[in-house]
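To start, the structure under review is shown below, and the notes come after it.
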Amino acid sequence: MALLPILCYPDPRLHTVAKPVAAVDDRIQTLVADMFATMYDANGIGLAATQVNVHERLIVIDASEDRDQPLVLINPEVVWASPETQVSDEGCLSVPGIYDGVARSVAVRVTALNLDGQPHTVEAEGLLAVCIQHEMDHLLGKVFVEYLSPLKRNRIKTKMVKARQLAEREAGR
């Protein structure tokens, strides 16, 4: 398993709409393993392929406390979302150190393929439902900060650009 570089906001590649996975083959299985390794290493609970610059409809999630409930969603589609919403603080591996409130459906039902290429349905609520919706946004080219006010979004963008510039200068020393 390899650790993959995670794109950071405001990288324009994060706004790429992902294409469906054509076949669940060895390449996809390797990508899934690498994405889980990357997500766990970064202490995240979800990672979309878009975030590692692979623009295919693939998500890995493990929102369990013990990090022992890996979930793979290939070509996921929301088939139902509760009309009831709740605002929760969200963070993102592509926007490190930033957390803010986003309104999401309290529960969702998603159909997808699993790692064996078999269709399955996932019913989720709470943190898992939020995580699924957050990661599915990535597949549509949307980052959670886009739910925030333009003022907040611009402040975050400036902060992220400055942090990247500082890291590049330090790496050049």
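Position 1 is the first residue of the sequence; numbering continues from there.
Not a single donor-acceptor pair under 3.5 Å links the side chain of E146 to the backbone N or O of K142. Proximity of a side-chain donor or acceptor of E135 to a complementary backbone N or O of I132 within less than 3.5 Å is not detected. Counting only distance, with no hydrogens or angles, the side chain of D66 and the backbone of D68 share no donor-acceptor pair below 3.5 Å.
Within the 4.5 Å cutoff, no side-chain heavy atoms of E90 are placed close to those of Y99. Using a 4.5 Å heavy-atom cutoff, the side chains of F36 and V72 are in contact. Residues L128 and L71 meet the side-chain proximity criterion, which asks for heavy atoms closer than 4.5 Å. Considering only heavy atoms from C-beta on, Q165 comes within 4.5 Å of V161 through its side chain. Put simply, the side chain of L127 reaches to within 4.5 Å of the side chain of I45, judged on heavy atoms.
Here the CD atom belonging to Q29 is positioned 12.0 Å from the CG atom belonging to D34, to the nearest 0.5 angstrom.
Side-chain contact, E77 with T111: no donor N or O sits under 3.5 Å from an acceptor N or O. In summary, the side chains of S64 and D62 do present a donor paired with an acceptor at a separation below 3.5 Å, with no hydrogens or angles considered.
Cluster annotation: L113 and L58 are assigned to the same hydrophobic cluster (Ile/Leu/Val/Met/Phe/Trp/Tyr, side-chain heavy-atom contacts under 4.5 Å, transitive).
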| task | Dump the intermediate steps for side-chain contact (heavy atoms from CB on, under 4.5 Å) on L139 and V17, then the final yes or no. | result | CA-CA 6 Å; L139 300 181; V17 176; over 6 Å; no
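A salt bridge links D137 with R104: at least one charged nitrogen is closer than 4.0 Å to a carboxylate oxygen. A salt bridge is absent between K19 and E56; no separation between the charged side-chain nitrogens and carboxylate oxygens falls under 4.0 Å.
F144 and H134 have tilted rings, their planes meeting at an angle from 30° to 60° on a 0 to 90° scale.
Each of V95, L7, T50 was checked for a side chain to side chain contact (heavy atoms under 4.5 Å, CB included) with V143, and the lone residue meeting it is V95.
Cation-pi geometry between K159 and Y9 is not met: the NZ or CZ atom fails to fall both under 6.0 Å from the ring centre and inside 45° of the normal.
Across all their heavy atoms, S82 and V106 have their closest contact at OG-N, 3.1 Å.
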